[in-house]
Amino acid sequence: TSNESANTAPNAVAGGSGQNTQPGKQVTIGFSAPAADHGWMAAMTKNAKAQADEFSDVTFKATEGTNDVNQQIGQVETLINDKVDVLVVLPFDGKALTEVGRQAMDAGIPVINLDRVFDTPLAYRLWIGGDNYRMGVNAGEYIASQLKAKNITNPIIGEVAGIDSLPLTQERSKGFSDALAKAGFAVGPRVSASFTSESGEQQTANLLQSAPKLDALWNHDDDQGIGVMAAIDSAGRKEFVMVGGAGSRNMMDLIKADSGVVKATVLYSPSMASSAIALARLLGQTKGIGDMAEHDIPASITTYSAVVTKENVDQYLDVGFDS
Amino acid sequence: MTLLRMAGIGKTFPGVRALDQVDLEVAEGEVHCLLGQNGAGKSTLIKVLAGAHQPDDGEISWRGARTTLPSPVAALRLGIATMYQELDLVSDISVAENVFLGHEPARFGFTRRRAARDLTRTLMTRLGHPEIGPDREVGLLSAAGQQLVSMARALAHDARLIVMDEPTAALAADEVDNLFRIVGELTKDGVAVLYISHRLEEIRRIGSRVTVLKDGRTVAANLPADTPTADLVDLMSGRKVETVFPHREASTADTTREVLTVTGLSREGEFRDVGFHVRAGEILGIAGLVGAGRSEILETVFGARKPDAGHISVDGKPVRPGSVVAAVKAGIGLAPEERKAQALLLDLPVAHNVTLSSLPAYSRAGFLDRARELKDSKTTLERLELRPADPRRLVAEFSGGNQQKAVVARWLVRGCKVLLLDEPTRGVDVGARAELYRVIHELAAAGVAVVLVSSEVAEVLGLADRVLVLRDGEVIADRRADELTESAVLDMVMAGSAVTEAAVTPDDAPEETP
Amino acid sequence: MTEARVLDPKSAAPQEPPQQRRNLDLRLTGLLGVLVVLCVVGYATRPDSFLTEANISTMLRLAAAIGVVSVGMTFVIISGGIDLSVGSIVALSGVWMTTVATQSYGPVVMVLCALLVGLGCGLVNGVLISYGKIVPFIATLAMYASAKGLAERLSGRRTQVVTETGFSTFFRGDILGVPVLIWMLAAVFAVGWVLLNRTTFGRRTFAVGGNAEAARLAGIDVRRHTALVYGIAGLCCGIAALMVVARTTSGASTNGMFYELDAIAAVVIGGTLLSGGRGSLIGTLIGVLIFTVVGNIFTQNNLDTDIQNIAKGVIIIAAVLLQRTTARRRGTRAT
Amino acid sequence: MTEARVLDPKSAAPQEPPQQRRNLDLRLTGLLGVLVVLCVVGYATRPDSFLTEANISTMLRLAAAIGVVSVGMTFVIISGGIDLSVGSIVALSGVWMTTVATQSYGPVVMVLCALLVGLGCGLVNGVLISYGKIVPFIATLAMYASAKGLAERLSGRRTQVVTETGFSTFFRGDILGVPVLIWMLAAVFAVGWVLLNRTTFGRRTFAVGGNAEAARLAGIDVRRHTALVYGIAGLCCGIAALMVVARTTSGASTNGMFYELDAIAAVVIGGTLLSGGRGSLIGTLIGVLIFTVVGNIFTQNNLDTDIQNIAKGVIIIAAVLLQRTTARRRGTRAT
Ligand SMILES: Nc1ncnc2c1ncn2[C@@H]1O[C@H](COP(=O)(O)OP(=O)(O)OP(=O)(O)O)[C@@H](O)[C@H]1O
Ligand SMILES: Nc1ncnc2c1ncn2[C@@H]1O[C@H](COP(=O)(O)OP(=O)(O)OP(=O)(O)O)[C@@H](O)[C@H]1O
Ligand SMILES: [Mg+2]
Ligand SMILES: [Mg+2]
């Protein structure tokens with residue numbers, strides 16, 4: 001659980017070997033992200049900072065996280081005014097921050113667009129992020145295979161989504177229902193929580209009431225997952241298979257223990273923030289990635305949403321974040 | 001010529017038939033007086049006339065033509081301006097803004113502030129109070145000052161009929177004269193005045209005709225102003241009421257014991273070096289003009305204001321200054337001047353208002369004994385003739401005079417050693433007033449030290465044993481009441497102001513114009 | 001000009017029944033009507049599951065935390081104030097009681113910790129407002145920001161999982177077949193009701209909210225009373241924190257989000273005047289239940305969030321219009 | 001009665017210093033002091049960048065949208081109301097004007113659309129409150145939910161990107177070297193100030209907020225006035241929506257989040273009484289700037305969010321205490 005791992009070092013660190021670890025030119029990296037109001041987002045910010053601390057040649061400037069795009073634009077502008085060398089921006093809403101990203105690029109500051117994607121590649125030098133659609137697909141496929149294995153023909157499949165008005169939630173849900181449709185299944189009761197354990201608990205409690213019997217449940221986000229688990233626990237339900245999302249340490253521990261409904265989680269790892277900082281430094285020092293033939297850093301990197309199950313969980317424990 | 005005729009007016013509030021078949025007729029250029037006990041329906045009637053309430057039945061005609069008054073604007077347009085009983089001013093804004101509220105001088109929607117200010121200055125000067133500047137904040141004026149602003153507003157409307165609901169309740173003698181002078185000027189111009197007051201002598205001074213309401217009905221209309229007081233009272237209350245001050249029973253308490261001692265009390269800009277003492281069973285009256293600082297002194301003794309200097313003690317024990325809690329603990333009670341702002345919880349039942357200062361006595365371990373609370377409140381309300389004497393009714397639903405009685409009732413229930421009464425009879429009708437006087441005497445007889453502030457000099461002299469005369473925040477005389485006369489007191493309080501000969505006692509000639 | 005005339009002076013106005021009680025009752029009846037209508041809708045749309053024992057228990061447990069917070073909020077609003085910090089205090093109390101250091105002392109200390117943190121924050125609010133003379137909106141807004149920041153700092157923004165099993169076993173359990181949370185909700189409401197309606201403290205709360213100056217001149221220590229009222233609200237937040245932690249088996253700085261809005265809405269829907277001096281805890285309880293039932297119906301019928309939002313707005317207006325009896329009565333004064 | 005007073009109107013009549021004005025000035029000076037202190041702190045910690053033209057322009061453009069919303073909120077609060085729906089209205093106006101259908105009509109229609117949607121929502125609020133007699137808190141809470149839901153539905157929860165270049169070019173551009181957004185902020189403040197302080201409409205707003213019953217008896221159509229005040233607030237939201245869309249080049253249902261709290265906080269910090277009847281737009285402007293500067297200082301100095309929250313609470317309290325002159329003046333009565 002998070003309490004046990006509270007004192008352990010940042011779990012995901014990039015750029016551990018090779019020539020690129022040698023100190024180079026001093027680089028100032030500006031970082032802007034939404035409010036670190038839940039575990040995953042907090043892990044993103046924390047990973048970024050931890051990664052920056054690894055390098056003696058990086059000055060890290062993080063702004064106050066905010067969920068108001070107007071505010072975030074102001075902060076990115078402040079960083080531009082500050083003439084940072086590289087910007088790492090995780091926009092609250094990619095489309096809304098596109099213009100300010102462009103502004104930075106126009107001002108000669110390379111922008112690394114983290115996770116939520118800008119509207120045009122003109123606004124970033126590099127995009128690195130997860131694949132929300134694939135995350136849904138992987139969750140759907142895993143659930144479909146489990147149900148097929150049990151020979152269930154007309155399953156009731158629940159979904160606890162994240163904040164419904166975010167594009168990422170919509171993509172995840174779409175991937176999920178597409179994958180299920182491929183198997184001939186459909187999503188049954190669906191609720192949307194807001195990435196907090198409290199909302200996860202409330203929504204799940206209601207969902208479990210409306211579906212007296214479930215065969216499977218996908219929860220988009222392991223932060224709210226703590227609440228989802230609590231609700232399942234109070235309802236005393238264990239007849240279904242549950243799959244998590246994002247990949248928190250807590251959830252991985254549960255998968256490893258294999259004592260409850262949680263059988264898997266689909267990664268959407270905040271380790272991408274560490275990578276973003278490492279790449280930002282290289283951009284600032286105009287270096288490339290050692291193992292690639294290209295001289296330059298690629299324009300886009302998509303992390304893979306691996307499905308973590310009991311079988312492979314040990315391999316992923318290091319990227320599990322504290323929710 | 002008849003200006004206004006109201007016939008068969010009826011108005012029902014949930015549970016109360018406030019008006020029932022009321023007839024009223026006002027002629028041009030007359031001062032028509034409306035009389036009635038507390039709760040008779042006077043204020044309700046004038047609110048109907050002002051368009052603030054809609055009558056359930058009856059008809060209104062204005063200059064011979066049937067009309068309806070669906071809103072205050074309609075009434076104002078016809079030329080009916082109203083000074084309400086409960087000062088309906090906006091306390092956060094300036095005098096000028098209040099005077100011209102709703103009819104601001106403006107060009108294309110832009111206020112002409114200079115014009116409003118100048119006109120206000122002229123009006124306040126006409127009212128004899130140029131020192132109340134147009135930019136002053138109304139909430140910071142005394143009750144009398146606010147009454148003047150209300151008056152100025154009525155004048156600003158250039159009305160044909162001005163309705164005044166107890167305009168003198170907050171005024172002292174000199175201000176009353178001032179008001180009557182204005183009324184005289186108005187009627188000379190043919191403006192009619194509908195005048196409500198519980199002070200019958202005023203009616204004789206300025207009234208032309210009298211209409212009497214009782215329990216929401218017109219019981220007498222268009223009587224001459226010189227109808228004998230006894231007859232009027234009889235009509236209003238349906239019984240004979242002793243209008244003179246009741247005979248003092250000798251106090252049973254130890255009347256030599258000094259209960260309240262105040263020495264060297266001062267507050268910057270309000271009063272200086274005020275000292276007095278009140279013995280058990282004694283009634284101390286305080287006389288003075290508006291603004292002389294009487295209310296401030298009472299509030300300071302009560303701890304509601306912190307004195308700059310001075311000592312207060314009760315039964316020889318010093319009372320921590322500036323703390324109401326300490327004062328109440330020491331046995332001091334205050335019935336404040338402004339009942340709405342300072343005393344009443346309008347949204348709560350009367351019973352809760354009455355017991356508010358005595359909660360510990362009505363509770364055990366913090367739990368209320370509600371049955372006893374109701375019973376005692378009811379007894380007290382009945383004793384004060386508060387109508388309807390239903391302790392569960394909300395205070396907001398009572399007429400002005402009855403609300404005033406509820407304030408006094410609070411301290412009757414509490415039973416204190418020192419009772420400070422600031423204008424306790426403001427707005428109280430003749431019958432109930434006699435009752436209040438009797439109650440005050442009974443309290444004194446039971447050994448309570450009473451301090452009474454009243455703008456009616458006759459009341460101070462008639463009730464008090466001793467009188468303190470104040471001028472500009474200083475005590476200028478401290479005498480036995482029977483050594484003083486009304487004119488002597490008025491002379492004293494006005495001495496130093498330019499004329500004293502203009503000071504008029506209430507029994508003077510009915511009409512006077514400057 | 002007409003002749004002077006004198007009519008019969010003996011006519012009397014009819015006596016009338018006590019107004020206040022009847023109006024309150026009418027208002028509450030209206031509200032209850034709204035709740036019943038909602039339940040009928042719920043039953044009509046999901047006859048199989050809406051009125052089951054399990055669903056009712058779920059709804060009540062959902063209502064528990066916000067219900068308890070609303071009790072405190074009712075006191076604050078009746079006293080003429082407002083408390084925007086309740087959500088943050090719930091978060092802070094929850095985080096504090098679940099930090100490793102606190103958990104190691106066992107369940108009793110955890111419970112005490114939550115209650116004391118809540119009470120403490122409430123009293124700080126109260127003192128700032130009464131002795132510091134800062135308007136409630138601003139003082140509690142400051143507490144909102146500070147308590148949230150402190151909760152984030154204490155928790156390092158991580159969800160603190162409860163490992164103390166005694167705590168979970170008790171608070172997540174049943175007593176006589178009824179969940180502990182529901183007992184707690186009932187108890188807080190009952191105690192709150194008695195305090196508000198049957199004690200001098202409650203009476204003074206109405207007085208302070210109705211007219212603070214009059215209350216002061218009646219000898220009530222308005223400042224101390226105000227401080228205590230916010231203390232009560234804080235304590236309620238502490239109790240709610242226990243409930244949220246029990247339900248989610250964790251404390252997090254994100255707990256209690258939007259509680260301030262939800263609680264104020266429930267209190268106001270319940271007929272308590274935002275300007276103070278008037279209100280009822282039963283109304284608040286019904287208000288809380290209305291919002292809970294609405295949410296449950298939405299989920300049970302699998303509605304989209306956007307439709308839910310639109311419908312929520314419409315339901316709020318409808319609920320108020322349905323219980324507008326009072327507004328009409330006071331119309332003459334308040335229009 | 002003194003002869004002198006009556007007979008000689010011009011006599012000395014000691015013209016007292018206008019109380020009200022002086023106090024307001026004192027209060028505003030205190031607030032301005034807070035702002036200056038913050039700027040000094042900003043300069044001291046980041047002498048290289050804080051007072052640069054670029055940073056000031058950034059701050060002002062950031063303040064623009066919330067500033068305009070706060071102007072409308074000031075009117076509402078002075079009139080004795082509250083508006084919780086401003087954020088949702090900003091979102092709805094922004095979404096509506098950026099839907100493909102609207103954008104195809106060109107920039108003028110887009111601008112009109114935002115303004116009309118804002119005005120319309122505001123008037124609905126106003127009508128519900130004044131003619132429907134629903135308390136402002138509840139009516140605007142309902143609008144908050146409904147407008148948000150409608151914005152989500154209209155946009156399909158997708159961010160609507162502005163493809164209309166004319167719009168972006170104008171609103172993201174400069175006039176005389178000053179960004180259009182800053183001109184707009186200045187214009188809205190100037191018009192608002194004149195409307196509030198120099199027209200009968202504005203002065204009546206104070207009266208309605210100070211004592212609605214007195215205003216009604218004075219012949220003011222309080223209900224129509226109230227409806228209009230909320231209309232103004234809605235219109236301001238429409239203007240703010242233009243600004244947000246210009247800044248983000250997109251409309252989204254998540255725009256305007258927490259604007260209600262931020263705007264109310266700025267207005268109240270600025271010295272406007274939440275109970276109505278008293279207030280100042282200049283105070284509101286300073287309030288908005290204080291919050292903007294605080295945020296900027298935090299960003300510039302790279303502070304942790306949790307510390308920022310704690311500090312924000314402390315700063316709010318400090319700002320209020322620093323301008324407490326008024327509270328002290330009224331202290332004698334209000335203690
Ligand atoms: N808004 C109201 N709701 C309910 N009852 C009311 C309301 N206003 C007045 N009443 C009732 O109507 C009756 C007449 O009241 P009104 O104020 O007209 O009396 P009044 O003659 O002006 O008395 P006073 O001399 O004390 O001012 C009273 O019984 C009062 O309680
Ligand atoms: N002639 C006046 N008319 C109206 N207001 C005045 C006048 N003179 C002074 N004031 C204002 O009234 C304040 C004091 O009035 P206050 O009512 O407290 O005095 P008071 O002696 O208690 O009179 P009363 O109780 O009869 O109204 C002064 O501070 C001043 O602002
Ligand atoms: Mg009356
Ligand atoms: Mg006085």
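Chain naming here is simple, since letters A, B, ... match the order of the sequence lines and numbering starts at 1 in each. Everything numeric in this text was worked out from a predicted model, so none of it was measured.
- No more than 12 heavy atoms of other residues, nucleotides or ligands lie within 6.0 Å of CH2 in D:W96, so this atom counts as exposed by the packing criterion.
- Not a single donor-acceptor pair under 3.5 Å links the side chain of A:K95 to the backbone N or O of D:V161.
- Here CG of D:L62 is found 11.5 Å from CD of A:Q72. Values are rounded to the nearest 0.5 Å.
- At a 4.5 Å heavy-atom cutoff, D:N301 makes no contact with chain A through either its backbone or its side chain.
- When heavy atoms are compared at a cutoff of 4.5 Å, D:S49 approaches chain A solely by way of its side chain, counted from C-beta outward.
- Side-chain atoms of A:Q75 and D:F298, non-hydrogen and from C-beta on, never get closer than 4.5 Å to each other.
- Between D:R172 and A:Q103, the shortest heavy-atom distance links the atoms NH2-OE1, 3.6 Å.
- Two residues are said to be in side-chain contact when any heavy atoms from C-beta on lie closer than 4.5 Å; A:T78 and D:N55 meet this criterion.
- For the atom pair OG1 of D:T163 and CG of A:D119, the computed distance is 10.5 Å after rounding to the nearest 0.5 Å.
- For the atom pair OG of D:S168 and CD of A:E99, the computed distance is 6.5 Å after rounding to the nearest 0.5 Å.
- Proximity to chain D involves both the backbone and the side chain of A:Q71, based on heavy atoms less than 4.5 angstrom apart.
- Here the CG atom belonging to A:N70 is positioned 4.0 Å from the OH atom belonging to D:Y259, to the nearest 0.5 angstrom.
- Residue contact with chain D, scored on non-hydrogen atoms closer than 4.5 Å, is absent for A:F31.
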>> Set out, in order, the CA-CA distance, both residues' side-chain angles and the distance that settles side chain to side chain contact (heavy atoms under 4.5 Å, CB included) for A:L97 and D:T248, then state yes or no.
In response: CA-CA 6 Å; A:L97 268 93; D:T248 63; over 6 Å; no

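- The shortest distance between side-chain heavy atoms of A:E77 and D:M59 does not fall below 4.5 Å.
- By the neighbour-count criterion of 12 heavy atoms within 6.0 Å, atom CZ of A:R134 is sparsely surrounded, having that number or fewer from other residues, nucleotides or ligands.
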> Would A:D82 and D:R46 satisfy side chain to side chain contact (heavy atoms under 4.5 Å, CB included), going step by step from the backbone distance to the final call?
Replying inline: CA-CA 10 Å; A:D82 252 8; D:R46 290 299 306 271; 3.1 Å; yes

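- Residues A:D93 and D:A252 approach most closely at OD2-CB, 3.7 Å, considering heavy atoms.
- A side-chain donor from one of A:N81 and D:T58 sits under 3.5 Å from a side-chain acceptor of the other.
- Closest non-hydrogen pair, D:S250 versus A:A96, comes out as OG-CA, 3.3 Å.
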